[in-house]
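Working notes, beginning with the structure itself.
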Protein chains: 2
Amino acid sequence: MTGGKRIMGLPSIRRMPMYYRLLARELEAGRTQISSAYIAEALGMEPIVVRKDFTLFGIIGKPKIGYETEEALQVIDSLMNSRDSNEAFLVGVGNLGQALLSYRGFEHMGLDLIAGFDVDSDIVGRRIQGREIFALVELPRLAKRLHVKTGILCVPEEAAQDCADAMVDAGIEGIWNFAPVRLQVPDYVVVQNEDLAEGLAILIVKLNQSKREGIQRTN
Amino acid sequence: MTGGKRIMGLPSIRRMPMYYRLLARELEAGRTQISSAYIAEALGMEPIVVRKDFTLFGIIGKPKIGYETEEALQVIDSLMNSRDSNEAFLVGVGNLGQALLSYRGFEHMGLDLIAGFDVDSDIVGRRIQGREIFALVELPRLAKRLHVKTGILCVPEEAAQDCADAMVDAGIEGIWNFAPVRLQVPDYVVVQNEDLAEGLAILIVKLNQSKREGIQRTN
DNA sequence: TCTATATCGATATATTAATATCGATATAGA
DNA sequence: TCTATATCGATATTAATATATCGATATAGA
Ligand SMILES: NC(=O)c1ccc[n+]([C@@H]2O[C@H](COP(=O)([O-])OP(=O)(O)OC[C@H]3O[C@@H](n4cnc5c(N)ncnc54)[C@H](O)[C@@H]3O)[C@@H](O)[C@H]2O)c1
Ligand SMILES: NC(=O)c1ccc[n+]([C@@H]2O[C@H](COP(=O)([O-])OP(=O)(O)OC[C@H]3O[C@@H](n4cnc5c(N)ncnc54)[C@H](O)[C@@H]3O)[C@@H](O)[C@H]2O)c1
């Protein structure tokens with residue numbers, strides 16, 4: 001029983017995409033080795049945090065040298081892409097849903113959006129970035145046929161719980177939820193709530209503080 | 001010098017929008033008093049966290065009763081709306097920018113989007129939800145005339161730093177940045193980076209873990 | 001009026017995350 | 001070959017956050 005399970009905390013996991021993008025860019029630019037100090041400088045953080053995270057991720061470096069860029073990249077990649085399939089559906093192709101469907105930045109983060117679903121007949125049948133939009137009633141059939149287990153939920157608040165139920169019935173086991181609603185789902189389903197207003201609140205409160213005191217804190 | 005400055009931690013600030021929405025809904029539904037236990041249940045959290053946050057926010061409750069819903073709502077509202085003006089500009093009216101411009105959910109969170117800016121002549125001149133899209137070159141003039149000090153940045157990675165520079169030159173002091181780039185700005189400017197991939201990474205890692213172990217952790 | 005109880009809020013503790021310290025080591029350069 | 005040094009990574013410390021404990025109190029109901 002060697003090496004008791006390293007457990008990554010949520011803050012470390014949150015930093016993975018940032019590391020990934022930097023490492024990819026630096027490798028592209030020909031930097032084959034990279035130190036924690038360099039990474040920290042580029043990302044506006046402390047070197048010790050980088051080293052601790054990398055240790056947790058299982059990336060090992062060499063004294064005097066740093067980390068192998070490609071190896072580090074591959075380790076992080078493998079942490080995000082170790083499922084059978086990254087294919088996912090998006091439910092609710094409105095303003096936000098269209099933006100997410102169009103976006104290519106999640107492809108290397110373990111999420112490959114392959115289709116959209118909606119109830120609006122004006123939208124159903126259209127394509128966005130090559131991804132077809134289906135009627136919501138098609139969801140169970142297609143989810144089962146394509147073995148899709150992950151979904152993004154982008155419908156209005158009122159429809160969110162019903163849609164989540166439909167997704168779970170269709171076999172979805174992971175939901176990235178953009179509606180400001182706490183979904184009720186079975187225990188085996190993982191829900192990640194994305195509340196954009198959280199970040200906004202931080203900005204606003206900091207602005208209020210700096211207006212009042214002429215001070216900002218970092219991050 | 002009574003009451004040494006209560007300092008709110010970032011986690012408490014992040015929870016403000018969630019409290020706000022619940023309180024508004026419950027007040028609407030006629031619930032004039034509300035307990036920490038009720039709030040916690042509705043939001044899937046612990047009552048003690050609610051009480052601690054509310055104490056920090058300056059919301060005081062009564063034993064046996066709980067909190068006055070309206071008073072609590074007003075306190076949180078005042079924390080988010082205490083600036084001279086909530087008016088803000090959005091720079092980069094592409095897929096994501098259009099979604100944010102269309103969205104009404106930030107109006108009570110201290111952000112009132114009044115116009116968009118872009119360099120694409122196909123977009124400039126159009127209106128989204130009544131908000132006009134101007135050419136980016138108009139930004140300095142309009143920001144100064146309307147005393148707008150807050151901006152959302154939604155341009156591609158490559159353009160982000162240049163746009164941020166332009167915003168700062170125009171007098172913007174708070175930037176909500178959706179581009180996955182660490183912006184260089186003067187000390188007095190507050191930047192809040194929004195990296196959607198962070199939440200995605202958490203979902204993906206949890207899915208990987210639950211696939212492998214049949215276990216999920218909460219949140 | 002008096003008593004029982006739900007709930008807050010102050011204080012204490014535990015957990016988690018960030019930061020500091022420092023020895024070990026792989027390389028570069030003498 | 002040997003030495004100096006940059007860097008990692010293990011351990012220790014500190015700070016931030018979450019959770020527990022429990023007395024105080026305002027109300028409901030006897
Ligand atoms: N737009 C934003 O910037 C933004 C920001 C933060 C949060 N959100 C949240 O994201 C969600 C979507 O926002 P939006 O602005 O894209 O709304 P929207 O109204 O533009 O789009 C919603 C889409 O969902 C579809 N829909 C409605 N009921 C459905 C159902 N039962 N099944 C399938 N599809 C259904 C509609 O046809 C529409 O296409 C909302 O919950 C909103 O609160 C949006
Ligand atoms: N779309 C998403 O779902 C999503 C998700 C996460 C992050 N992001 C980030 O948000 C940003 C915008 O993404 P998008 O999908 O909306 O891109 P997009 O290409 O659809 O839109 C970008 C817009 O910015 C405009 N623009 C380009 N250069 C400009 C400049 N110098 N000044 C003003 N406007 C300029 C373009 O004309 C375009 O309208 C990107 O940095 C992206 O990484 C997007």
Side-chain angles (χ1 to χ4, degrees), chain A residues 2-16 18-19 23 26 31-69 71-72 75-76 198 201-202 205-206 217-219, chain B residues 2-16 18-19 23 26 31-69 71-72 75-76 198 201-202 205-206 217-219:
Chain A
T2 78
K5 189 83 194 162
R6 270 187 310 262
I7 211 67
M8 292 182 283
L10 296 183
S12 300
I13 296 171
R14 285 186 180 281
R15 289 188 286 262
M16 283 178 21
M18 179 172 82
Y19 292 134
L23 291 169
E26 295 293 337
R31 183 180 295 268
T32 58
Q33 300 177 319
I34 194 165
S35 71
S36 62
Y38 183 94
I39 295 170
E41 166 67 20
L43 298 176
M45 53 193 304
E46 296 297 319
I48 181 116
V49 178
V50 176
R51 287 205 298 278
K52 199 124 170 291
D53 283 344
F54 277 29
T55 299
L56 235 47
F57 297 161
I59 300 167
I60 46 188
K62 277 184 270 188
K64 184 82 187 271
I65 301 296
Y67 304 90
E68 294 292 326
T69 313
E71 184 202 318
V75 170
I76 294 178
E198 288 184 2
I202 290 181
V205 169
K206 281 185 184 169
R217 288 192 290 172
T218 52
N219 187 3
Chain B
T2 79
K5 190 81 192 161
R6 271 186 310 261
I7 212 65
M8 292 181 284
L10 295 183
S12 301
I13 296 171
R14 284 187 182 282
R15 289 187 287 262
M16 284 179 21
M18 179 173 81
Y19 292 135
L23 291 168
E26 294 293 338
R31 182 179 295 267
T32 57
Q33 299 177 321
I34 195 165
S35 72
S36 62
Y38 183 94
I39 295 171
E41 166 67 19
L43 297 176
M45 53 193 302
E46 296 297 320
I48 181 116
V49 178
V50 177
R51 288 205 298 277
K52 200 124 169 291
D53 283 344
F54 276 29
T55 300
L56 236 46
F57 298 160
I59 300 167
I60 47 189
K62 277 185 273 188
K64 184 80 189 272
I65 300 297
Y67 304 91
E68 294 293 327
T69 313
E71 183 201 318
V75 170
I76 293 177
E198 289 184 3
I202 290 181
V205 170
K206 282 185 184 168
R217 288 193 289 170
T218 52
N219 187 2

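Naming: A, B, ... by sequence-line order, numbering from 1 per chain.
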Whole angstroms only, please: what is the [atom1]-[atom2] distance between [X] and [N]?
| X | N | atom1 | atom2 | value |
| --- | --- | --- | --- | --- |
| Leu56(B) | dT17(D) | CG | P | 10 Å |
| Lys52(B) | dC22(D) | NZ | C1' | 16 Å |
| Ile48(B) | dT15(C) | CD1 | P | 15 Å |
| Leu10(A) | dA16(D) | CG | C1' | 15 Å |
| Ile59(B) | dA10(C) | CD1 | P | 14 Å |
| Arg14(B) | dA16(D) | CZ | P | 16 Å |
| Phe57(B) | dC8(C) | CZ | C1' | 16 Å |
| Ile34(A) | dA6(D) | CD1 | P | 18 Å |

For dT27(C), give the paired nucleotide (Watson-Crick: N1-N3 plus N6-O4 or O6-N4; G-U: N1-O2 and O6-N3; both under 3.5 Å), or none.
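Pairing partner, where one exists within any strand: dA4(D).
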Complementary nucleotide of dA18(C), counting Watson-Crick and G-U pairs under 3.5 Å:
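Pairing partner: dT13(D).
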Would you say dG9(C) has OP1 or OP2 under 4.0 Å from some side-chain N or O of Arg51(B)?
no
Can a side chain N or O of Arg15(A) be found less than 4.0 Å away from OP1 or OP2 on dA17(C)?
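So the side-chain polar atoms of Arg15(A) never come under 4.0 Å of the phosphate oxygens OP1 or OP2 of dA17(C).
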To the nearest 0.5 Å, how far apart are CZ in Arg51(A) and CG in Leu56(A)?
14.0 Å
Picking from [options], which would you name as closest to the side chain of [X]?
| X | options | answer |
| --- | --- | --- |
| Ser36(B) | dC8(C), dT19(D), dT19(C) | dC8(C) |
| Ile65(A) | dA18(C), dT27(C), dA20(C) | dT27(C) |
| Tyr67(A) | dT27(C), dT27(D), dC8(D) | dC8(D) |
| Lys64(A) | dT27(C), dA18(C), dT19(D) | dT27(C) |
| Thr55(A) | dT7(D), dA18(D), dG9(D) | dG9(D) |
| Glu46(B) | dG9(C), dA26(D), dT19(D) | dT19(D) |
| Pro63(B) | dT21(D), dA18(C), dT7(C) | dT7(C) |

Do [X] and [Y] make a side-chain contact, defined as non-hydrogen atoms from C-beta onward lying under 4.5 Å apart?
| X | Y | result |
| --- | --- | --- |
| Glu198(B) | Met18(A) | no |
| Phe54(B) | Ile39(B) | yes |
| Leu43(B) | Arg15(B) | no |

Looking at Arg31(A), is its backbone amide N or carbonyl O close enough to the side chain of Thr69(A) to form a donor-acceptor pair, meaning the two atoms are under 3.5 Å apart?
yes
Relative to the 5' end of DNA chain C, which residue comes earlier, Phe54(B) or Asp53(A), by the nucleotide with the nearest heavy atom?
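Mapping each residue to its closest nucleotide by heavy atoms, the 5'-most match is Phe54(B).
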